[in-house]
Amino acid sequence: QVQLVESGGGSVEAGGSLRLSCAASTYTFSNLCMGWFRQAPGKEREGVASIYTRGGYTYYADSVKGRFTISQESAKKTVYLQMNSLKPEDTAMYSCAAGFRWSFGVCLFRESEYGAWGQGTQVTVSS
C-alpha cells in the first residue's frame, strides 16, 4: 500500500515557476511508476509527467515538454515536478499517483496502472 502526500501548489503569474512535491509512504521506492496528473474545471484528468523510479525513465505530455521537469529523490521517497514558464492553461488540480511495475521503461498515463493517488494540490496561473 502506497500513500501519497502532495505539496507545493499555489498561485503564480504567467511565466512564473512552481515546484510540486509528492512524498510516498511505502516499504520500497523501487519499481514504482510515479505520475503527475491534472484536472481543470470542466475537463477530464490528463497525465502531465511520469517517472519510473528504477532507472529514472521519464515521460511528458506534449503540452508541458520543455517547461516541466519530473525528478526523484529516492532517499526521501519523493518525486518533484518543477514547472517553469507557467501558462494560464496550466491552472488545475495536480495529483500525484503511484503504481508498482516490474518491467523497465517509461510509464504511460494509463490511470488503471496507478493504484494510489494523493489528495491533490491546486495550481493557479494568472495572466
Are Trp102 and Tyr59 joined in one hydrophobic group, where the rule is that I, L, V, M, F, W and Y side chains link up if heavy atoms are under 4.5 Å apart? no
If I take atom CZ from residue Arg101 and atom OG from residue Ser30, how far apart are they, to the nearest 0.5 angstrom? 13.5 Å
So does Pro88 get a backbone contact from the side chain of Ser127, meaning a donor-acceptor N/O pair under 3.5 Å? no
May I ask you to check whether over 12 heavy atoms, not counting those of Arg54, lie within 6.0 Å of atom CZ? no
Shared ILVMFWY cluster between Phe109 and Tyr94, side chains joined below 4.5 angstrom? no
Within the distance-only criterion (no hydrogens, no angle test), does the side chain of Thr78 pair as donor or acceptor with the backbone N or O of Lys76 below 3.5 angstrom? yes
One pair to check against salt bridge (Lys or Arg N to Asp or Glu O under 4.0 Å): Arg45 and Glu111. What are the steps and the verdict? CA-CA 9 Å; Arg45 185 161 57 188; Glu111 293 189 16; 2.8 Å; yes
Working to the nearest 0.5 angstrom, can you tell me the gap between Met93 CE and Thr124 OG1? 8.5 Å
Considering all heavy atoms, the nearest Ser50-Tyr114 contact: CB-OH, 3.8 Å
Please answer: with hydrophobic residues joined when any side-chain heavy atoms are less than 4.5 Å apart, are Met83 and Leu4 in the same cluster? yes
Can you find a pair of side-chain heavy atoms, one from Arg67 and one from Asp90, that are under 4.5 Å apart? yes
Determine whether Thr91 and Gln122 make a side-chain contact, defined as any pair of heavy atoms from C-beta on separated by less than 4.5 Å. yes
Hydrophobic cluster membership, with links at side-chain heavy-atom distances under 4.5 Å among I/L/V/M/F/W/Y: are Val12 and Val64 in one? yes
Asn84 and Ser17: which non-hydrogen atoms are nearest, and at how many Å? OD1-OG, 2.9 Å
Tyr60 and side-chain contact (heavy atoms from CB on, under 4.5 Å): which single residue from Val48, Thr69, Ile51 fits? Thr69
What is the minimum heavy-atom distance between Leu18 and Gly10, and which atoms define it? CD1-O, 3.9 Å
Could you give the distance from CG (Leu20) to CZ (Phe68), rounded to the nearest 0.5 Å? 8.0 Å
With distance as the sole test, does Glu6 use its side chain to make a donor-acceptor pair with the main-chain N or O of Gln119 at under 3.5 Å? yes
Rounded distance (nearest 0.5 Å) linking atom CD of Glu113 with atom SG of Cys107: 8.0 Å
For a quick test of reading the model, state the closest non-hydrogen atom pair linking Ile70 to Met34 and the distance between them. CD1-O, 3.9 Å
Where Gln72 and Gly56 come nearest, the two heavy atoms and their spacing: OE1-CA, 4.0 Å
Leu81 and Arg38, any side-chain heavy atoms less than 4.5 Å apart: no
For a quick test of reading the model, state the closest non-hydrogen atom pair linking Tyr52 to Cys33 and the distance between them. CD1-SG, 4.0 Å
Check whether any side-chain heavy atom of Val79 sits under 4.5 Å from a side-chain heavy atom of Phe29, and report yes or no. yes
Is the distance from the ring center of Phe37 to that of Trp117 below 6.0 Å? yes
